[in-house]
Amino acid sequence: MEKCEMFCYQCQETARGTGCTKVGVCGKKPELSGMLDLLVYVTKGLSCVTTKIREEGKEVSKDVNHLVTVNLFTTITNANFDRDAIIARIKETLAVKEELRKQLASTDALPAAALWNGDESEFDAKADSDEVGVLATENEDIRSLREMITYGLKGLAAYSKHANALLYDNEEIDAFLQSALAKLLDDSLTADDLVALTLETGKFGVDGMALLDQANSGTYGNPEITTVDIGVRNNPGILISGHDLKDLEQLLEQTKDAGVDVYTHSEMLAGQYYPAFKKYPHFAGNYGNAWWKQKEEFESFNGAILMTTNCIVPPADSYKDRLWTTGAAGYPGCKHIEGEYGEVKDFSAIIEQAKKCAPPKEIETGSIVGGFAHEQVFALADKVVDAVKSGAIRKFVVMAGCDGRMKSRDYYTKFAQKLPKDVVILTAGCAKYKYNKLDLGDIGGIPRVLDAGQCNDSYSLALIALKLKEVFGLDDINDLPLAFNIAWYEQKAVIVLLALLYLGVKNIHLGPTLPGFLSPNVAKVLVDNFGIAGIGTVEDDLKLFFGEE
Ligand code: SF4
Ligand code: SF3
């Protein structure tokens with residue numbers, strides 16, 4: 001293959017559906033893309049060393065586990081555009097790896113990535129070499145499987161990182177994550193081995209989401225039905241986006257007497273559903289929509305904005321000085337707030353800036369309802385089961401996942417609008433913004449859009465499905481009156497998908513386009529074994545799912 005300036009096909013918006021080769025559709029430039037590839041490479045190298053350390057019966061510290069998860073999270077689409085921050089992570093990773101290598105009784109059989117070391121002046125050349133990056137694997141099918149697993153592991157790392165921030169750790173998940181990264185450098189593994197590793201990744205995806213679910217609900221209580229205001233108040237505000245609830249907690253605590261209101265954006269909407277945050281009177285509603293509307297919504301918000309994770313859209317100069325990052329997120333020229341797990345982050349500078357800002361401009365009024373995570377739905381189980389038994393609810397459709405810029409995503413709005421009135425949508429993730437303001441009504445008091453929360457709360461949807469299976473005495477989850485029409489964008493959706501496949505869910509429809517990283521042969525494996533399919537027209541799909549025109 002001809003050498004391109006960069007190569008990335010990890011997200012749904014990849015150029016031409018095949019790969020960004022000159023510049024990312026997301027705004028990622030080649031010099032950043034190469035450094036992110038190198039960060040993945042050295043993280044795989046470190047993981048070979050840690051896996052060997054475990055094999056020799058020695059322990060790997062939590063700090064090293066956290067380094068791996070934060071590194072992978074940093075490389076997720078739209079998480080971090082700051083090349084200097086990536087270079088710092090590569091240096092730290094190499095230093096930690098070199099130190100750990102000394103613990104090994106033998107370094108025989110370690111792959112090149114585990115043996116390579118270099119200083120910053122060598123990073124660009126290394127990133128540009130044939131050994132680093134997606135195209136380092138020549139065989140198209142092996143590359144496809146390796147990358148699908150890598151993306152799943154990035155999603156798993158993101159969820160683990162959020163749990164870790166709440167001081168929940170699971171050594172088994174970290175050990176798997178690192179051993180899987182190491183296996184991706186092992187040329188002796190066949191396509192069949194990698195298919196098996198894909199499913200194993202799905203198993204740990206379930207475990208990772210379970211860990212985060214425990215961390216979130218153990219720390220902040222179980223999400224509950226909540227009506228969320230989508231209008232504005234009169235005070236200056238801080239808008240918090242991304243997925244990190246620990247950051248939300250600290251921001252709410254530090255702003256309680258500051259005279260500024262805190263609003264959620266995009267995926268942080270789910271923070272509104274947790275009991276622990278309801279005690280803050282200055283916790284205002286949700287402002288705006290999904291991540292890709294940032295340019296207009298961050299402009300009109302007027303106040304300070306805190307990005308705790310992806311998805312960052314390269315900011316306009318008009319509000320760049322109001323955009324702050326923390327955790328794995330970063331953007332060059334935007335101020336970054338540091339803080340290790342267990343430490344209190346200092347948000348005082350954001351708060352001081354916010355105080356001087358104008359209040360947000362109203363862009364919407366009214367409210368939306370959410371908070372239908374597993375415990376809340378279980379509390380309503382009798383009502384739901386009665387509605388299914390009486391035929392008032394004919395079917396559920398899982399429409400979880402991500403939102404994105406592509407016009408073709410209008411499909412999801414139209415699909416939701418045209419759904420038969422006796423169908424209920426189960427959702428999680430920012431995909432919901434395509435239909436959560438359509439006023440789809442309720443069925444005997446059960447809203448027709450049941451929002452469990454963030455993309456990681458897709459775990460709740462799986463638990464709800466398993467509960468329904470038990471209540472209805474079914475042997476197979478696929479016998480439920482349940483269809484899957486999932487939207488995807490970045491790598492957290494990949495781990496959610498692999499988790500669902502591991503749980504035995506068949507016939508998932510994935511859109512708006514199938515992943516560019518699936519080679520024809522790997523796509524065929526998914527179609528033949530799991531019934532994975534793309535989307536068609538709204539009319540055809542309604543007919544397919546519900547037998548209706
Ligand atoms: Fe392209 Fe997506 Fe990669 Fe960005 S993350 S470079 S849009 S494939
Ligand atoms: Fe959304 Fe980025 Fe994936 Fe968390 S915020 S679902 S796209």
Side-chain angles (χ1 to χ4, degrees), residues 4-37 40 73-81 133-135 147 150-151 154-156 158-159 161-162 209 212 240-245 264-271 286 288-294 297 307-314 328-329 399-406 409 412 427-434 436 451-459 461 486-497 510 512-513 515-518:
C4 22
E5 288 168 59
M6 59 180 275
F7 187 86
C8 180
Y9 62 177
Q10 67 175 353
C11 84
Q12 187 271 323
E13 291 186 3
T14 194
R16 300 167 301 276
T18 53
C20 295
T21 54
K22 289 189 182 330
V23 66
V25 173
C26 59
K28 191 160 98 176
K29 304 247 166 56
E31 54 276 19
L32 173 67
S33 188
M35 238 10 89
L36 289 166
D37 288 346
V40 171
F73 197 172
T74 302
T75 68
I76 280 185
T77 301
N78 294 336
N80 201 316
F81 292 82
V134 174
L135 302 178
E147 292 306 313
T150 302
Y151 305 149
K154 288 185 182 193
L156 175 58
Y159 295 149
K161 194 253 165 198
H162 289 306
M209 284 191 271
L212 181 53
I240 178 167
S241 193
H243 305 68
D244 198 301
L245 295 182
T264 52
H265 186 261
S266 194
E267 280 282 63
M268 199 56 91
L269 161 63
N286 190 69
N289 295 277
W291 65 273
W292 61 277
K293 292 251 182 103
Q294 273 169 39
E297 293 174 355
M307 297 301 306
T308 65
T309 68
N310 65 325
C311 283
I312 301 175
V313 175
M399 291 179 70
C402 314
D403 198 6
R405 284 171 275 231
M406 277 186 174
R409 287 181 186 262
Y412 295 103
T427 193
C430 61
K432 63 177 146 275
Y433 286 101
K434 278 283 183 274
N436 68 346
D451 175 23
Q454 299 179 335
C455 45
N456 43 287
D457 295 310
S458 299
Y459 174 72
L461 304 183
I486 289 180
W488 82 285
Y489 172 60
E490 36 75 327
Q491 298 77 56
K492 293 182 217 176
V494 177
I495 193 63
V496 171
L497 175 71
L510 196 62
T513 52
F517 56 78
L518 294 181

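Start at 1 with the first residue, then count along the sequence. Each ligand, and each atom within it, is numbered from 1 in the order the structure gives.
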Participant: Heavy-atom contacts with Cys430 under 4.0 Å: which atoms of ligand 2 show up? List them by number with element.
Facilitator: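 Listed by number with element: 1 (Fe), 5 (S), 6 (S), 7 (S).
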
Participant: Please determine, by modelled atom types, if Glu490 and Asn78 share a side-chain donor-acceptor pair under 3.5 angstrom.
Facilitator: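 Distance-only check fails for Glu490 and Asn78.
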
Participant: For ligand 2, which atoms sit closer than 4.0 Å to a heavy atom of His243?
Facilitator: 4 (Fe), 5 (S)

Participant: Within the 4.0 Å heavy-atom shell around Glu267, which atoms of ligand 2 are there?
Facilitator: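 Checking each atom against Glu267, I get 1 (Fe), 4 (Fe), 5 (S), 6 (S).
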
Participant: Below 4.0 angstrom from a heavy atom of Met6, which ligand 1 atoms are there? Numbered from 1 as shown, please.
Facilitator: 6 (S)

Participant: Compute whether any side-chain donor of one residue and acceptor of the other, for Gln491 and Thr77, lie under 3.5 angstrom apart.
Facilitator: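 Yes.
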
Participant: Answer yes or no: is there an ion pair linking Lys293 with Asp403, defined by an N-O contact shorter than 4.0 Å?
Facilitator: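 No, Lys293 and Asp403 are not salt-bridged.
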
Participant: Identify the two heavy atoms, one from Lys29 and one from Met6, that lie closest to each other, and give their separation to 0.1 Å.
Facilitator: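 Where Lys29 meets Met6 most closely, the heavy atoms are C-SD, 4.1 Å.
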
Participant: Should the pair Tyr9 and Tyr151 be assigned to parallel (<30°), tilted (30 to 60°) or perpendicular (>60°) ring geometry?
Facilitator: perpendicular

Participant: Leaving out waters, which are not shown anyway, how many protein N, O or S atoms lie closer than 2.8 Å to atom 3 (Fe) of ligand 1?
Facilitator: 1

Participant: Any non-hydrogen atom of Lys492 lying under 4.0 Å from ligand 2?
Facilitator: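 Judged by the 4.0 Å heavy-atom criterion, Lys492 does not count as contacting ligand 2.
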
Participant: Begin with the C-alpha distance, continue with both residues' side-chain angles, and end with the deciding distance and a verdict on side chain to side chain donor-acceptor pair (under 3.5 Å) for Arg409 and Gln12.
Facilitator: CA-CA 11 Å; Arg409 287 181 186 262; Gln12 187 271 323; 2.8 Å; yes

Participant: How about Gln10 and Lys154: does a side-chain donor come under 3.5 Å of a side-chain acceptor?
Facilitator: yes

Participant: Answer with yes or no after comparing the ring centroid distance for His243 and Tyr159 against a 6.0 Å cut-off, counting only values under it.
Facilitator: no

Participant: Looking at Tyr489, which atoms of ligand 2 are within less than 4.0 Å of one of its heavy atoms?
Facilitator: 7 (S)

Participant: So if I count the atoms of ligand 2 from 1 in the order they appear, which ones are less than 4.0 Å from some heavy atom of Cys311?
Facilitator: 2 (Fe), 5 (S), 7 (S)

Participant: Check each atom of ligand 2 against the heavy atoms of Cys455 and keep those under 4.0 Å away; list them by number with element.
Facilitator: 4 (Fe), 6 (S)

Participant: Could you check whether any heavy atom of Glu490 sits closer than 4.0 Å to an atom of ligand 1, since that is the contact criterion I want to use?
Facilitator: no

Participant: Could you list which atoms of ligand 2 come closer than 4.0 Å to a heavy atom of Trp291?
Facilitator: 2 (Fe), 7 (S)

Participant: Please determine whether any non-hydrogen atom of Glu490 lies less than 4.0 Å from an atom of ligand 2.
Facilitator: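 Yes, Glu490 has a heavy atom closer than 4.0 Å to ligand 2.
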
Participant: Decide whether Thr309 and Asp244 meet the rule of one side-chain donor and one side-chain acceptor closer than 3.5 Å.
Facilitator: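 No - no donor-acceptor pair under 3.5 Å links their side chains.
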
